[in-house]
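Notes follow the structure.
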2 protein chains.
Amino acid sequence: MKRPFHHGNLRAVLLDQAEAMLREQGSDGLSLRELARQAGVSHGAPRSHFIDRQALLDALAEQGFDRFTDRARAALAVPGPVRERLRALGRAYVDFAVDNAALMELMFAAKSSQSSGPVHDAAMRFFQVLDGAMVDVSGAALDDGVRTRFKLLFAATMQGTAALITARRITREQGETLVDDAADALLASELGARLTAPRGEPADAPALSP
Amino acid sequence: MKRPFHHGNLRAVLLDQAEAMLREQGSDGLSLRELARQAGVSHGAPRSHFIDRQALLDALAEQGFDRFTDRARAALAVPGPVRERLRALGRAYVDFAVDNAALMELMFAAKSSQSSGPVHDAAMRFFQVLDGAMVDVSGAALDDGVRTRFKLLFAATMQGTAALITARRITREQGETLVDDAADALLASELGARLTAPRGEPADAPALSP
DNA sequence: CTAGAATCTAGTCACCGTCTAGACGTCGTT
DNA sequence: AACGACGTCTAGACGGTGACTAGATTCTAG
């Protein structure tokens with residue numbers, strides 16, 4: 001099933017080459033026929049492993065989420081004060097997103113965002129790690145709603161920072177500053193305050209005391 | 001030059017149809033030949049107005065930035081307390097980005113991010129409006145560096161929020177909450193504090209008074 | 001060892017973007 | 001008014017692509 005056959009392990013080779021091609025050419029430039037050529041097989045061979053182009057892209061996205069999850073976990077494994085850990089997680093997020101811009105596009109593409117399937121599962125796993133990180137970083141069990149909002153705010157900021165870097169609107173260095181600023185802003189916010197000192201009610205309470 | 005000829009105004013029609021097709025099918029599904037078919041011209045006709053597919057996409061991106069800029073300006077035109085204005089700008093940002101997800105991809109694609117050309121210029125115009133908004137919202141002249149960081153943090157967060165909605169990781173309603181949270185977090189941050197209470201120069205009255 | 005399933009080849013199809021030659025309509029110049 | 005240049009459009013061709021199919025080949029399970 002997973003083991004070599006005629007070619008060896010075409011599936012794995014295709015995925016590897018596809019990721020390289022993705023990095024160099026973007027997802028538009030990713031051609032099944034070119035992939036087959038590089039692997040030294042006929043143009044129809046990939047079809048035995050991926051029913052169509054989208055299936056290949058989905059597999060890449062799934063793989064991408066898994067690696068993304070690993071990176072996040074690794075960043076969280078380093079101990080330190082809350083702020084430093086948040087920053088580290090943020091940098092890991094942005095670094096991965098920038099180094100794998102085209103992959104990230106696939107991962108977060110609407111097409112892959114079906115409400116089921118392996119890609120969705122891999123994405124869920126990632127967001128669970130992020131969720132755990134919010135508990136972990138604060139060192140306290142939190143109200144679900146608050147934690148979710150905090151998590152989303154964090155994810156959104158990092159995603160956006162990466163987008164700005166990828167779009168060359170800012171440099172990588174500016175991006176790092178942004179990540180640090182974001183971590184600080186998050187911790188200084190009402191949500192962040194509740195991370196370490198629970199309670200207080202939502203919505204319209206001004207975060208900025210006059 | 002810009003006026004009707006054989007067809008009428010093919011260029012404008014193509015752009016219109018392209019935008020619709022973009023919204024429905026994404027940029028991958030945007031076909032020049034299909035566009036020509038819908039416009040009732042031969043498959044080679046578009047070439048007279050757009051040298052290649054990328055030129056069409058660039059034109060769309062430019063147009064997109066202009067409309068994006070208009071939306072931002074409109075949101076800023078409504079008076080109100082600082083926080084409300086920031087939220088309004090944020091909602092305008094996210095709304096546009098979600099309603100025009102595929103367009104936004106084009107606008108922020110690396111291909112369009114050349115350091116010159118009409119697309120770049122349109123993008124610059126947009127970011128200048130954003131920059132002006134930061135001054136406008138605070139009602140005070142600020143240190144350039146601080147303002148830029150604040151602006152970028154804002155843009156990144158909104159961009160990311162939109163990305164999460166587009167990827168269906170969160171609902172539009174959650175997105176609105178996110179925008180509000182983000183505005184609050186920004187204003188509560190050190191950067192935000194400096195926005196409303198500049199270190200040296202209080203300038204005019206900080207417009208914060210809910 | 002054999003039958004069936006997985007894998008791969010080779011050919012075909014429709015579609016695409018791009019390029020070219022040439023027809024057509026418009027406009028500025030003489 | 002005539003004409004030549006230019007912008008616009010048509011029609012055909014080329015190479016490339018993803019998808020589908022039939023059939024050969026090879027592995028593997030029984």
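Here is the naming used below: chain letters follow the sequence lines, and residue numbers restart at 1 for every chain.
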From the candidates D/dG12, D/dA19, C/dC16, the one with an atom nearest any side-chain atom of A/His43 is D/dA19
Specify the separation, in whole Å, of atom CZ of A/Phe50 and atom P of D/dC20.
16 Å
In whole angstrom, what separates A/Asp52's CG from D/dG18's C1'?
9 Å
Exam field: side chain A/Arg125 to backbone A/Phe65, donor-acceptor pair closer than 3.5 Å
no
Side chain of A/Arg37: nearest nucleotide among C/dT18, D/dT8, D/dT17?
D/dT17
Hey, are the side chains of B/Met107 and B/Phe126 touching, using non-hydrogen atoms and a 4.5 Å cut-off?
no
With a 4.0 Å cut-off on heavy atoms, is B/Ile51 in touch with a base, just the backbone sugar-phosphate, or nothing at all?
nothing
Point-to-point distance, once rounded to the nearest 0.5 Å, from CG of A/Asp66 to CD of A/Gln63
8.0 Å
Look at the side chain of A/Ser31 and decide which nucleotide, out of C/dC8, D/dT17, D/dA11, has an atom nearest to it.
D/dT17
Return the nearest nucleotide to the side chain of B/His49; candidates are D/dT8, C/dC19, D/dA19.
D/dT8
Hey, does the side-chain of B/Arg33 have a donor or acceptor N/O within less than 3.5 Å of a partner on the base of C/dT18?
yes
Heavy atoms only, 4.0 Å cut-off, all strands: where does B/Leu35 land among base, sugar-phosphate and nothing?
nothing
Verify salt bridge (Lys or Arg N to Asp or Glu O under 4.0 Å) between A/Glu176 and A/Arg172, making sure each step is shown before the conclusion.
CA-CA 6 Å; A/Glu176 268 206 22; A/Arg172 242 179 147 109; over 6 Å; no
Tell me, do B/Asp180 and B/Arg91 make a side-chain contact under 4.5 Å, heavy atoms counted?
yes
Value in whole Å for how far the P atom of C/dC15 lies from CG of B/Asp28
18 Å
Measure the distance from CD on B/Glu34 to C1' on C/dG17 and round it to the nearest whole Å.
14 Å
At under 4.0 Å between heavy atoms, what does B/Arg53 touch on the DNA or RNA strands: base, sugar-phosphate, or nothing?
sugar-phosphate
Looking only at side-chain atoms of B/Ala45, point me to the closest of D/dA19, C/dC8, D/dC9.
D/dC9
Rounded to whole angstroms, how far apart are CG on B/Leu14 and C1' on D/dC9?
12 Å
Rounded to whole Å, how long is the line connecting atom CZ of A/Arg47 with atom P of C/dT7?
14 Å
Rounded to whole angstrom units, what separation is found between the CG atom of B/Leu56 and the P atom of C/dC16?
14 Å
Rounded to whole angstroms, how far apart are CG on A/Leu30 and P on D/dG16?
17 Å
Just to confirm, is there a sub-4.0 Å distance from OP1 or OP2 of D/dT10 to any side-chain nitrogen or oxygen of B/Ser42?
yes
